[in-house]
Amino acid sequence: LRESAIALLDTLDKLSTALTDLAKIVFEQTYKASNRNSQRVARLAYSLAMDLFDAKKILNWFWKFYEATTYVRVIKLEPDRQNKLFWTLEGLPIDVSALLHDRLWSRLDAAVFCSATLATHGDEFGFFLRRNGLERLQKTKVVTEILPHVFDYKQNALLMLPAHLPTPRDEALKKEFPQAVAAELLRFIPYFRGRTLGLFTARSRMRMVYEQIGSTLHQKGYPILCQGEGALAKLREEFEKREEVSLFGVRSLWEGVDVPGRSLSFVFMSKMPFPSLGDPLESARMNAVERAGGNGFYDYFLPKTIFTF
């Protein structure tokens with residue numbers, strides 16, 4: 001693939017040179033004859049030559065691996081709805097802290113960050129400040145504050161961790177684990193009388209669980225709404241209005257969901273939303289943390305997962 005890309009670069013280089021030469025010739029003839037059509041051709045040739053120059057510059061940077069220690073190269077091959085294959089090339093910065101500091105934070109007079117998940121236990125705002133480049137500012141310019149909870153979690157919340165489910169890894173993650181999750185939800189949703197938000201880290205596992213228990217629970221009077229079956233806004237609206245309804249969702253429902261009242265009384269998380277090691281960028285960032293002497297799990301994976309909540 002890389003050899004083909006280098007050959008493409010050579011071809012683009014020759015084509016760009018040919019277009020530039022053509023534009024010069026046409027421009028000289030236009031200058032003498034004042035021909036409007038020739039002027040358009042000259043402008044078009046110059047424009048195409050510049051576009052080719054930009055494309056060649058990007059491809060040259062990508063395939064010759066400049067800044068290889070600070071960027072991840074990603075080639076994506078994805079089919080569209082007609083199963084036509086589209087490809088994209090991406091160069092993703094492993095560490096955005098310097099970029100954000102130079103291009104944004106150092107140019108602002110003030111900024112306010114407010115969220116329920118900007119701090120992690122034991123590190124407070126350290127992870128957020130480091131990853132986003134705010135730690136590079138003078139300490140006197142950064143003010144942090146953790147405010148008390150308005151919700152009394154100790155009196156009104158209960159966290160349960162089942163210890164009998166299969167370990168969600170390898171082959172078990174494909175079949176045994178989703179089946180065990182389906183069995184648990186089949187027991188608990190009627191007990192909770194609906195009112196459950198089921199959160200999943202993979203759409204395929206969510207669909208598998210839904211297909212196993214959806215019709216059975218609907219017959220018992222506890223219908224399940226599944227993300228992807230209709231507009232998400234309408235699914236959330238129905239979930240809020242009907243207490244007997246439960247809602248299953250993936251990434252977009254892990255954050256920012258506020259359902260006042262009894263409709264959302266129970267949250268079922270099938271698996272912790274750890275970043276995927278199959279993601280080249282996440283893997284590179286974890287490796288960068290370890291090369292710097294840190295622990296990839298405790299210094300990157302775990303705090304980033306906590307931010308999801």
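Every heavy atom of this structure was used, including side-chain atoms; hydrogens, water molecules and symmetry mates were not.
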**Student:** Restricting to non-hydrogen atoms, name the atom on Leu235 and the atom on Cys226 that form the minimum distance, rounded to 0.1 Å.
**Tutor:**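 The pair with the smallest heavy-atom distance is CD1-O, 3.5 Å.
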**Student:** Answer yes or no: are there more than 12 heavy-atom neighbours, outside Phe192 itself, under 6.0 Å from its atom CZ?
**Tutor:**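 Enclosed.
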**Student:** Are the side chain of Asp123 and the backbone N or O of Phe127 linked by a donor-acceptor pair below 3.5 Å?
**Tutor:**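 Yes, because the side chain of Asp123 sits within donor-acceptor range (under 3.5 Å) of the backbone of Phe127.
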**Student:** Would you compute the distance between atom CG of Leu8 and atom NZ of Lys56 and round it to the nearest 0.5 angstrom?
**Tutor:**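 If we round to the nearest 0.5 Å, Leu8:CG and Lys56:NZ are 11.5 Å apart.
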**Student:** Just so I know, are the side chains of Leu281 and Val74 near enough to count as touching, which here means a heavy-atom distance under 4.5 Å?
**Tutor:**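 The answer is no, as the side chains (C-beta and beyond) never meet within the 4.5 Å cut-off.
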**Student:** Are the charged groups of Arg285 and Asp95 less than 4.0 angstrom apart, N to O?
**Tutor:** no
**Student:** Between Ser263 (side chain) and Glu240 (backbone), is there a donor-acceptor pair under 3.5 Å?
**Tutor:**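 Side chain of Ser263 to backbone of Glu240, a donor-acceptor pair under 3.5 Å: yes, one is there.
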**Student:** If you look at every heavy atom in Val72 and Pro280, which pair is closest and at what distance?
**Tutor:**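 Result for this residue pair: CG1-CB, 3.8 Å.
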**Student:** In this structure, would Ile58 and Leu92 fall into the same cluster of hydrophobic residues linked by side-chain contacts under 4.5 Å?
**Tutor:**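 Unlinked, Ile58 and Leu92 end up in two clusters.
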**Student:** Check the angle between the aromatic planes of Phe65 and Trp63 and answer parallel, tilted or perpendicular using the 30° and 60° thresholds.
**Tutor:**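 Geometry flag for Trp63 against Phe65: perpendicular rings.
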**Student:** Are Arg195 and Glu244 ion-paired here, with the side-chain N under 4.0 Å from a carboxylate O?
**Tutor:** no
**Student:** Test side-chain hydrogen bond (donor to acceptor under 3.5 Å, both in side chains) on Asn60 and Lys64 and set out the steps.
**Tutor:** CA-CA 6 Å; Asn60 190 61; Lys64 292 190 176 178; 3.1 Å; yes
**Student:** Under a 4.5 Å cut-off applied to non-hydrogen side-chain atoms, are Trp105 and Leu137 in contact?
**Tutor:** yes
**Student:** From Thr120 OG1 over to Phe128 CZ, what is the distance, rounded to the nearest 0.5 angstrom?
**Tutor:** 12.0 Å
**Student:** Are the side chains of Glu78 and Phe86 in contact, using a 4.5 Å heavy-atom criterion?
**Tutor:** no
**Student:** How close do Pro190 and Lys220 get, heavy atom to heavy atom, and via which atoms?
**Tutor:**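 Reported closest heavy-atom pair: CG-CD, 4.5 Å.
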**Student:** Considering all heavy atoms of both residues, which atom of Arg236 and which atom of Asp258 are nearest to each other, and what is their separation?
**Tutor:**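 Heavy atoms only, the tightest pair is NH2-N, 3.9 Å.
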**Student:** Search all heavy atoms of Val96 against all heavy atoms of Arg131 and return the closest pair with its distance.
**Tutor:** CG2-O, 3.6 Å
**Student:** According to a 4.5 Å side-chain heavy-atom criterion applied to Ile, Leu, Val, Met, Phe, Trp and Tyr, with indirect links allowed, do Met50 and Leu48 form part of one hydrophobic cluster?
**Tutor:**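 In one cluster: no.
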**Student:** Parallel under 30°, tilted from 30 to 60°, perpendicular over 60°: which one fits the rings of Tyr191 and Phe188?
**Tutor:**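 Geometry flag for Phe188 against Tyr191: perpendicular rings.
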**Student:** To the nearest 0.5 angstrom, please state how far the CD1 atom of Ile189 sits from the OG1 atom of Thr216.
**Tutor:**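 So the CD1 of Ile189 and the OG1 of Thr216 are separated by 11.0 Å.
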**Student:** Are Lys234 and Glu237 ion-paired here, with the side-chain N under 4.0 Å from a carboxylate O?
**Tutor:**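 The answer is no: the pair does not qualify as a salt bridge.
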**Student:** Has the side chain of Ser106 got a donor or acceptor atom that lies under 3.5 Å from a matching backbone atom of His101?
**Tutor:** yes
**Student:** Donor-acceptor check, side chain of Thr117 to backbone of Ile306, threshold 3.5 angstrom: yes or no?
**Tutor:**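 No.
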**Student:** Going by heavy atoms in the side chains, are Val209 and Leu185 under 4.5 Å from each other?
**Tutor:** yes
**Student:** I'd like to know whether Val142 forms a side-chain contact (heavy atoms from CB on, under 4.5 Å) with Leu129, so could you lay out the CA-CA distance, the side-chain angles of the two residues, the decisive distance to 0.1 Å, and finally the verdict.
**Tutor:** CA-CA 9 Å; Val142 180; Leu129 298 177; 4.1 Å; yes
**Student:** Do the non-hydrogen side-chain atoms of Ser252 and Leu232 ever get within less than 4.5 Å of each other?
**Tutor:** yes
**Student:** With the 4.5 Å side-chain cut-off for hydrophobic clustering, are Leu253 and Met208 part of the same group?
**Tutor:**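 Shared cluster, no.
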**Student:** For Gly194 and Phe266, work out which heavy atoms get closest and say how close.
**Tutor:** O-CD1, 4.3 Å
**Student:** Does CZ belonging to Arg193 count more than 12 external heavy atoms closer than 6.0 Å?
**Tutor:**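 Incorrect, the count does not exceed 12.
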**Student:** Please tell me if the side chains of Leu197 and Phe268 come closer than 4.5 Å, counting only heavy atoms from C-beta onward.
**Tutor:**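 No, side chains not in contact.
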**Student:** Walk me through whether Ile224 and Leu247 qualify under side-chain contact (heavy atoms from CB on, under 4.5 Å).
**Tutor:** CA-CA 6 Å; Ile224 297 175; Leu247 175 62; over 6 Å; no
**Student:** Is there a side-chain hydrogen bond (donor to acceptor under 3.5 Å, both in side chains) between Tyr300 and Glu290 once you walk through the steps?
**Tutor:** CA-CA 9 Å; Tyr300 182 72; Glu290 293 178 347; over 6 Å; no
**Student:** Apply the test side-chain contact (heavy atoms from CB on, under 4.5 Å) to residues Phe274 and Leu302: give CA-CA distance (whole Å), side-chain angles for both, the deciding distance (0.1 Å), then the verdict.
**Tutor:** CA-CA 7 Å; Phe274 289 115; Leu302 187 57; 4.2 Å; yes
**Student:** Using atom types as modelled and distance alone, determine if a side-chain donor or acceptor of Arg73 lies under 3.5 Å from a backbone N or O of Phe62.
**Tutor:**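 Side chain of Arg73 to backbone of Phe62: a pair is present.
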**Student:** Could you go step by step and tell me if Thr11 and Leu9 meet the side-chain contact (heavy atoms from CB on, under 4.5 Å) rule?
**Tutor:** CA-CA 5 Å; Thr11 303; Leu9 282 170; over 6 Å; no
**Student:** Within this structure, what is the OG1-CG distance for the pair Thr88 and Leu77, rounded to the nearest 0.5 Å?
**Tutor:** 8.0 Å
**Student:** Tell me whether Glu282 contacts the main-chain N or O of Ser276 through its side chain, where contact means a donor paired with an acceptor under 3.5 Å.
**Tutor:** no
**Student:** CZ of Phe113: more than 12 outside heavy atoms within 6.0 angstrom?
**Tutor:**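 Count over threshold, so yes.
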**Student:** May I have the step-by-step check of side-chain hydrogen bond (donor to acceptor under 3.5 Å, both in side chains) for Glu124 and Thr144, ending in yes or no?
**Tutor:** CA-CA 9 Å; Glu124 295 192 347; Thr144 61; 5.4 Å; no
**Student:** Can you confirm whether the side chains of Glu229 and Tyr210 place a donor and an acceptor under 3.5 Å from each other?
**Tutor:** yes
**Student:** Starting at CD of Gln179, measure out to CG of Leu165 and round the result to the nearest 0.5 Å.
**Tutor:** 12.5 Å
**Student:** If you round to the nearest 0.5 Å, how far is CG of Asp299 from NZ of Lys304?
**Tutor:**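 If I round to the nearest 0.5 Å, the distance is 14.5 Å.
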**Student:** Does any N or O in the side chain of Asn295 come within less than 3.5 Å of the main-chain N or O of Phe297, such that one atom is a donor and the other an acceptor?
**Tutor:** yes
**Student:** Taking C-beta and beyond as the side chain, do Tyr71 and Trp61 meet within less than 4.5 Å on heavy atoms?
**Tutor:**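 The answer is yes, as the side chains (C-beta and beyond) meet within the 4.5 Å cut-off.
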**Student:** With a 4.5 Å limit on heavy-atom distance, are the side chains of Met206 and Glu211 in contact?
**Tutor:**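 Not in contact.
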**Student:** Check whether any side-chain N or O of Thr17 sits under 3.5 Å from a backbone N or O of Asp13 as a donor-acceptor pair, and report yes or no.
**Tutor:**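 Here the side-chain-to-backbone pair exists.
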**Student:** Under 6.0 Å between ring centres, would you say that holds for Phe151 and Tyr153?
**Tutor:**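 Yes, the ring centres sit under 6.0 Å apart.
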